[in-house]
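Worksheet for the structure shown next.
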Protein chains: 4
Amino acid sequence: MVHRPPPGTLRPQGRTERVRQAVVSATRGLLAADGYDALTIERVADAAGVAKSTVYRRWRDTAGLMMELMREVAGAAIPLADSGSVDEDLRVLAIEIVKFFSGTSGAMVLALVAESVHNPDTAAGMREFWAERNERAAIAVRRGIDRGELPSEVDPVEVIRALGAPLYYRMLVTHEPLDDVVAARAAAAALAAARAGTLSRSD
Amino acid sequence: MVHRPPPGTLRPQGRTERVRQAVVSATRGLLAADGYDALTIERVADAAGVAKSTVYRRWRDTAGLMMELMREVAGAAIPLADSGSVDEDLRVLAIEIVKFFSGTSGAMVLALVAESVHNPDTAAGMREFWAERNERAAIAVRRGIDRGELPSEVDPVEVIRALGAPLYYRMLVTHEPLDDVVAARAAAAALAAARAGTLSRSD
Amino acid sequence: MVHRPPPGTLRPQGRTERVRQAVVSATRGLLAADGYDALTIERVADAAGVAKSTVYRRWRDTAGLMMELMREVAGAAIPLADSGSVDEDLRVLAIEIVKFFSGTSGAMVLALVAESVHNPDTAAGMREFWAERNERAAIAVRRGIDRGELPSEVDPVEVIRALGAPLYYRMLVTHEPLDDVVAARAAAAALAAARAGTLSRSD
Amino acid sequence: MVHRPPPGTLRPQGRTERVRQAVVSATRGLLAADGYDALTIERVADAAGVAKSTVYRRWRDTAGLMMELMREVAGAAIPLADSGSVDEDLRVLAIEIVKFFSGTSGAMVLALVAESVHNPDTAAGMREFWAERNERAAIAVRRGIDRGELPSEVDPVEVIRALGAPLYYRMLVTHEPLDDVVAARAAAAALAAARAGTLSRSD
DNA sequence: GAATAAACGAGACGGTACGTCGCGTCTTTAC
DNA sequence: GTAAAGACGCGACGTACCGTCTCGTTTATTC
């Protein structure tokens with residue numbers, strides 16, 4: 001009788017899955033060590049102990065590898081505070097985002113943003129990734145609306161996007177460092193705009 | 001006898017300048033036609049009718065060519081309105097920025113942002129480019145402060161950056177189209193944040 | 001009830017045979033259409049609607065496929081004239097050989113000769129194939145000897161080989177076209193050599 | 001002052017020529033050591049201590065390398081005997097040809113013949129190569145005609161080709177070894193055919 | 001008619017070589 | 001004597017087949 005994985009197991013355990021893990025792991029390692037520019041298919045294949053053709057069979061290019069990696073990262077979602085105050089919750093959220101941008105994930109996000117400029121597939125993947133995250137984070141804003149801390153016309157996702165925009169601006173345009181002060185200010189500015197009625201749904 | 005440019009002319013007219021113009025022009029053409037990815041030194045040299053080594057002698061890489069091109073674009077600065085109302089002036093400014101992002105300049109900016117992720121030189125060039133522009137645009141905010149439309153603690157450049165951030169966010173992260181409505185909203189949000197005291201100098 | 005082949009049919013009719021025919025047919029088709037260089041196992045398998053592993057299970061390489069094909073071609077042997085004159089019989093034979101070399105079989109023979117340079121298996125198969133054919137054709141020479149048209153010491157097979165040599169020379173070395181005139185000349189030269197005593201058995 | 005090659009030197013002495021020699025030499029070595037099948041561009045480049053792209057820049061494929069090698073070999077032409085007897089001269093010539101076919105040159109010729117089946121460029125090169133050689137060898141036949149040893153209508157080149165044909169036949173079709181006896185017989189057969197009038201000019 | 005052995009279909013995998021492209025350096029040529 | 005032309009070393013690209021290897025699914029035979 002052939003061995004069967006027990007039901008409930010998320011991923012198959014065969015050779016294919018072992019290859020996938022080896023490649024993703026090698027991608028993560030090279031990315032952290034040498035940056036996106038040094039991330040070539042050949043090096044990934046070598047580092048993963050896998051044939052180049054095997055990598056190409058399953059991923060189009062390094063951007064595809066990054067998407068695979070991102071899918072894994074997406075599992076570890078940013079935690080959502082619930083302090084009873086929307087101001088406090090968004091401040092904490094902004095700090096969490098800044099924390100996420102630091103370290104390996106930050107480099108990954110940067111590389112993916114750069115890539116998505118030229119690569120529609122990557123762009124679509126990124127859009128989806130952030131849409132989901134923003135939707136999740138918007139829950140905190142909704143709670144604030146329900147508590148009467150924010151006008152009811154406010155578009156929750158729009159607030160989250162307003163919160164994230166300055167962080168991206170710094171990371172991508174001015175390349176200034178991100179810290180908790182910047183994060184707090186971004187949260188405060190988003191809330192101010194929301195209360196001034198500039199982030200309403202039908203605006 | 002060697003030809004000499006008449007005094008008073010801004011750029012020298014010799015072979016060197018002719019080469020520079022040919023290269024920049026070829027860069028612009030290839031960029032518009034095939035996008036940044038197709039912008040290789042070899043193709044630029046070919047299109048400019050110039051030896052590859054000549055290009056290398058004066059620009060390090062395609063990013064360098066882009067910077068050269070950007071310097072030309074920088075000449076045509078964004079006009080600054082002076083309607084007597086800071087809200088109106090910033091609204092117009094945001095619309096001008098959106099207009100600037102559309103068309104060839106937008107593609108160029110996108111490419112440069114993507115490049116600056118990996119390339120410190122480009123990053124520095126971009127930083128300088130935008131610092132200058134923002135400084136110029138901040139004049140409108142200063143006028144508003146002087147007229148008492150905004151608190152005196154407001155950091156004028158920070159307001160301009162807050163105005164630009166959502167536009168970049170859309171252009172780079174969500175790849176949504178930019179229009180006048182978005183521009184107006186960005187201006188309003190920045191002003192709201194400024195009036196709420198979240199964009200102050202020593203904040 | 002399973003279909004059974006009528007007794008006397010040479011080949012079994014099962015799945016195995018269907019596969020064999022599909023593969024041979026695909027080989028013939030690809031060979032005629034795109035030449036030997038384009039004859040890869042993968043393409044043959046695809047064209048035959050058969051799994052690659054199935055082809056590999058039964059044939060070592062494309063040369064093996066060619067041999068299979070040749071075995072089919074070998075069934076249609078070159079007809080042997082019997083006019084009463086060895087000169088006439090060999091002239092007709094040479095023309096038949098030239099005819100055989102034209103068309104698909106010619107391409108196949110060329111490819112097999114080229115292959116046999118590197119591949120001992122193919123070389124052995126070719127040797128056997130031609131030995132059998134030459135042996136058959138030598139009958140005409142023997143008849144000539146019996147009739148006293150040729151010296152009795154003449155080696156019949158050697159005459160056939162002498163007849164074929166110039167045809168191969170043209171086909172392989174000079175790539176000149178083969179026609180009836182060339183064929184007739186080859187036959188005449190072989191006969192002349194035979195009568196001059198240069199194609200004798202113990203020579 | 002730039003170094004100049006002394007006049008009369010056949011080949012330039014620059015980098016390009018050094019590369020050429022390294023590649024040809026590596027080709028010869030690999031061919032002799034491992035045979036034509038093991039002759040890949042990559043291995044040649046490695047063995048020559050040269051970049052793969054450099055090889056590709058100047059030769060289309062391994063067949064091109066072989067042609068280059070053949071051009072060098074062509075310099076060392078087969079010597080032409082002049083004993084006063086055409087029979088003897090052709091016998092010696094045939095033996096020389098057999099000698100040429102043995103050793104490295106033989107493997108090279110075999111590989112080129114195989115290649116020329118598929119590759120028109122190689123075919124053309126081979127044709128030219130042999131045309132020149134045959135033309136040279138035909139001188140011996142012409143001398144025989146002048147001495148009255150052969151009929152005046154005989155086509156000298158055709159005799160040479162008739163002489164070579166059986167040698168090729170053995171080498172390519174039957175893969176039998178070539179020796180002096182075979183060579184002598186080939187020469188005798190060609191002469192017999194010539195005297196019988198089957199190798200005449202307007203035949 | 002069920003059991004079983006063989007052949008098949010499907011396709012991932014580790015490899016090797018292909019031929020191309022662009023980089024940035026270094027020679028050579030020509031003006 | 002300088003600058004254009006372009007050969008070169010280098011490294012990665014993405015593709016094509018190679019031949020091997022499971023693994024699950026027919027077929028065909030045998031008991």
Side-chain angles (χ1 to χ4, degrees), chain A residues 2-3 14-20 22 37-46 48-62, chain B residues 15-16 19 37-46 49-57 59-62, chain C residues 2-4 12-20 22-23 37-46 48-62, chain D residues 1-4 12-20 22-23 37-46 48-62:
Chain A
V2 175
H3 172 72
R15 179 169 59 163
T16 292
E17 173 58 12
R18 272 201 310 283
V19 164
R20 197 198 124 269
D37 275 10
L39 194 73
T40 69
I41 299 279
E42 305 224 3
R43 291 188 61 182
V44 168
D46 278 5
V50 147
K52 188 173 63 154
S53 50
T54 298
V55 179
Y56 274 112
R57 198 173 295 115
R58 299 180 48 185
W59 295 278
R60 171 182 299 278
D61 49 27
T62 50
Chain B
R15 181 169 55 171
T16 294
V19 164
D37 276 10
L39 194 74
T40 70
I41 299 279
E42 306 223 3
R43 292 186 61 178
V44 168
D46 276 6
V50 149
K52 191 172 63 156
S53 48
T54 302
V55 179
Y56 272 111
R57 198 170 296 118
W59 295 278
R60 171 181 298 278
D61 48 27
T62 51
Chain C
V2 176
H3 173 72
R4 289 275 163 197
Q13 297 293 311
R15 179 169 59 164
T16 293
E17 173 57 13
R18 271 201 311 281
V19 164
R20 196 198 127 270
V23 169
D37 275 12
L39 195 71
T40 69
I41 300 279
E42 304 224 5
R43 291 186 61 177
V44 169
D46 276 6
V50 148
K52 191 174 61 156
S53 49
T54 299
V55 179
Y56 271 110
R57 201 172 291 117
R58 299 180 47 184
W59 295 277
R60 172 183 298 277
D61 48 28
T62 51
Chain D
M1 183 182 171
V2 177
H3 172 72
R4 290 275 160 197
Q13 299 294 314
R15 179 170 57 163
T16 293
E17 173 57 14
R18 273 199 311 280
V19 163
R20 196 198 126 269
V23 169
D37 273 13
L39 195 73
T40 68
I41 299 280
E42 304 224 5
R43 289 187 62 180
V44 169
D46 277 5
V50 147
K52 188 173 61 154
S53 50
T54 298
V55 179
Y56 273 111
R57 199 173 293 116
R58 298 179 49 185
W59 296 278
R60 172 181 299 276
D61 47 28
T62 51

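All values below were derived from every heavy atom in this structure, side-chain atoms included, with hydrogens, water molecules and symmetry-related copies excluded. To find a chain, count down the sequence lines: A is the first, B the second, and so on, and within it residues start at 1. Everything quoted here is computed from the prediction, not taken from an experiment.
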### Query
In whole angstrom, what separates D/D61's CG from E/dT20's C1'?
15 Å
Tabulate below the donor-acceptor pairs under 3.5 Å that side-chain atoms of residues 52-60 of chain D make, not counting sequence neighbours, or state none.
from	atom 1	to	atom 2	distance (Å)
D/K52	NZ	D/E42	OE2	3.2
D/R58	NH1	D/T16	O	3.1
D/W59	NE1	D/E68	OE1	2.9

### Summary
Atom CZ of D/R43 and atom P of E/dC18 are separated, to the nearest Å, by 11 Å
### Task
Calculate the interatomic distance between D/E42 atom CD and E/dT20 atom C1'; express it in whole Å.
13 Å
### Message
Which nucleotide wins on minimum distance to the side chain of C/Y56, given the candidates F/dC18, E/dA17, E/dC23?
### Response
F/dC18
### Query
B/K52 has an atom NZ; how far is it from atom P of E/dC21, in whole Å?
14 Å
### Message
Need to verify one output field. Residue with the more 5' nearest nucleotide on DNA chain F, B/S53 or C/T40?
### Response
B/S53
### Query
For nucleotides 3-8 of chain E, read 5' to 3', which letter fits each nucleotide if B means a protein heavy atom sits under 4.0 Å from the base, S means only the sugar-phosphate is that close, and - means neither?
----BB
### Query
Do you know which two heavy atoms are closest between C/T62 and C/L39, and how far apart they sit?
CG2-O, 2.8 Å
### Message
Quick check: on DNA chain F, is the nucleotide nearest A/T62 upstream (toward 5') of the one nearest C/L39, or the reverse? Name the residue that is more 5'.
### Response
A/T62
#### Entry: Minimal non-hydrogen separation, A/V50 against A/V19, with atom names
CG2-CG1, 4.2 Å
### Query
To 10°, what angle do the rotation axes through the five end pairs on each side of the helix from E/dG1-F/dC31 to E/dC31-F/dG1 form?
20°
### Task
Write down the distance between CG (D/D37) and P (E/dA17), rounded to a whole number of angstrom.
12 Å
### Query
Rounded to whole angstroms, how far apart are CZ on C/R18 and C1' on F/dT27?
9 Å
### Query
Could you give the CG-to-P distance, from A/D46 to E/dG15, as a whole number of Å?
10 Å
### Query
So, for C/A48 and C/A22, which heavy atoms are closest and what is the spacing to 0.1 Å?
CB-O, 3.6 Å
### Message
To the closest 0.5 Å, what do you measure between CZ (C/R20) and CD (C/E17)?
### Response
4.5 Å
